[in-house]
2 protein chains.
Amino acid sequence: MSANEAKSTRKGRPAETIGEPALPDETEQAQRFEKARSAQARAVLEDYAELIDDLLTSGGEARPTDIARRLGVSHPTAIKSIARLKREGLAASEVNRGVFLTAAGHELAARARARHRVVVDLLVAVGVPRACAELDAEGMEHHVSDIALAAFSRFLKR
Amino acid sequence: MSANEAKSTRKGRPAETIGEPALPDETEQAQRFEKARSAQARAVLEDYAELIDDLLTSGGEARPTDIARRLGVSHPTAIKSIARLKREGLAASEVNRGVFLTAAGHELAARARARHRVVVDLLVAVGVPRACAELDAEGMEHHVSDIALAAFSRFLKR
DNA sequence: ACACTTATGTAGCCTTGGCTACATACTACC
DNA sequence: GGTAGTATGTAGCCAAGGCTACATAAGTGT
Ligand SMILES: [Mn+2]
Ligand SMILES: [Mn+2]
Ligand SMILES: [Mn+2]
Ligand SMILES: [Mn+2]
């Protein structure tokens, strides 16, 4: 390929003839997808931390079955994810006892809850019905960056 | 537990003493998480379909290495995901040839692209910097329901 | 004390979507 | 036509997050 100016062209395709849509830069696009993937990897941790914190705050324990039921998964699934939280230093528990959050876990939960609320509020503010906003926010929240979150807050303050 | 009115209380916890935050209904919460999980399961298919369609539209082929590079993954990963698209009737290709979309795949791509654009536009409209909007939208889009999307469109038309 | 019920934990399976290493197929070029 | 280089495909590994089935622990009630 020596000093070929463009793209990837095994069969000598014209490449960048003008007039066509023009795709985004390859590297930039790859970074977008990469960011989405890493956000996704954190999503489970965030949801568990937020939920555990909610359960603890609401005057009770955070027990695996409660967690499982609220997440809509089987209890072994919940236990396995809780194990990951522990492994990553976000939660702690002794056998046959409820789950607790470490300082880091509590931090994460607090941020997740605050973000969750802002996302729901923003959706409602732009006209999404409340119930739908609650539904959609559960997945969207994990992809909202700090910058976007700040913008949302500003927008909500008119 | 016979006709116990509430919750789950192995050690006879007071359950719903007033004053505390009051968690959302269990079933409703479970449905939210379930919806987020199923959206996530579709995310890869949507991104691949959208990207393949973009590549085809931009006057070229959709070749596995191009797809892989734009997604920021290795080519075997891309090939494996493309195999899933084929399995689900969204794409087709013969060996050592570029990938094509079936009617269903093209449909999916069109919807994904339209939604993607609206999501970016909405983010920008509420004050998120363009670059950040592009980044965040890549992950958020998959969780935006038709109802929310319609609300976004309405909002964008002032 | 014992039985019953519920909660917890373990084992083992599956799928998805990452990866590397290797083998094969094109295409270009001399 | 042979060789180099790129693209494609295959094999096999891993971790995450689902699941069921089973075993154990802990309360509840008679
Ligand atoms: Mn969530
Ligand atoms: Mn949340
Ligand atoms: Mn996307
Ligand atoms: Mn997209």
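By convention in this document, chain letters (A, B, ...) are assigned in the order of the sequence lines, proteins followed by strands, and residues within each chain are numbered from 1. Because the structure is a prediction, the values reported are computed rather than measured.
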Integer-rounded Å distance: C:dG9 P and A:Arg63 CZ: 11 Å
Quick one: side-chain contact (heavy atoms from CB on, under 4.5 Å) partners of B:Arg130, sequence neighbours excluded? B:Val120, B:Asp121, B:Val124, B:Glu134
Residue-phosphate contact under 4.0 Å: B:Asn96 side-chain N/O, C:dC26 OP1/OP2: yes
Please list, chain by chain and in numerical order, all residues satisfying side chain to side chain donor-acceptor pair (under 3.5 Å) with B:Ser153, sequence neighbours excluded. none
Rounding to a whole Å, what distance do you find between B:Ile79:CD1 and D:dG12:P? 17 Å
In the hydrophobic cluster built from side-chain contacts under 4.5 Å, what are the other members alongside A:Phe152? A:Val118, A:Val119, A:Leu122, A:Leu123, A:Val126, A:Val128, A:Met140, A:Val144, A:Leu149, A:Phe155, A:Leu156, B:Val118, B:Val119, B:Leu122, B:Leu123, B:Val126, B:Val128, B:Met140, B:Val144, B:Leu149, B:Phe152, B:Phe155, B:Leu156
Between P on C:dG17 and CD on A:Glu34, what's the gap in Å once rounded to a whole number? 15 Å
Can you name the ring-ring contact (aromatic ring centres under 6.0 Å, His included) partners of A:His143, sequence neighbours left out? B:His143
Atom CG of A:Asp66 and atom P of C:dG9: how far apart are they, to the nearest Å? 13 Å
Mind calculating the distance between CG (B:Leu71) and P (C:dG17) to the nearest angstrom? 12 Å
Report yes or no: do A:Ile79 and A:Val73 belong to one cluster of Ile/Leu/Val/Met/Phe/Trp/Tyr joined by side chain heavy-atom distances under 4.5 Å? no
Rounded interatomic separation in angstrom, taking CD1 from B:Ile82 and C1' from C:dT16: 15 Å
Those residues at least two apart in sequence (or on a different chain) that pass side-chain contact (heavy atoms from CB on, under 4.5 Å) with B:Thr102 are B:Ala104
What does nucleotides 16-22 of chain D look like as a protein-contact string, B for base, S for sugar-phosphate only, - for none, at under 4.0 angstrom between heavy atoms? SBBBBB-
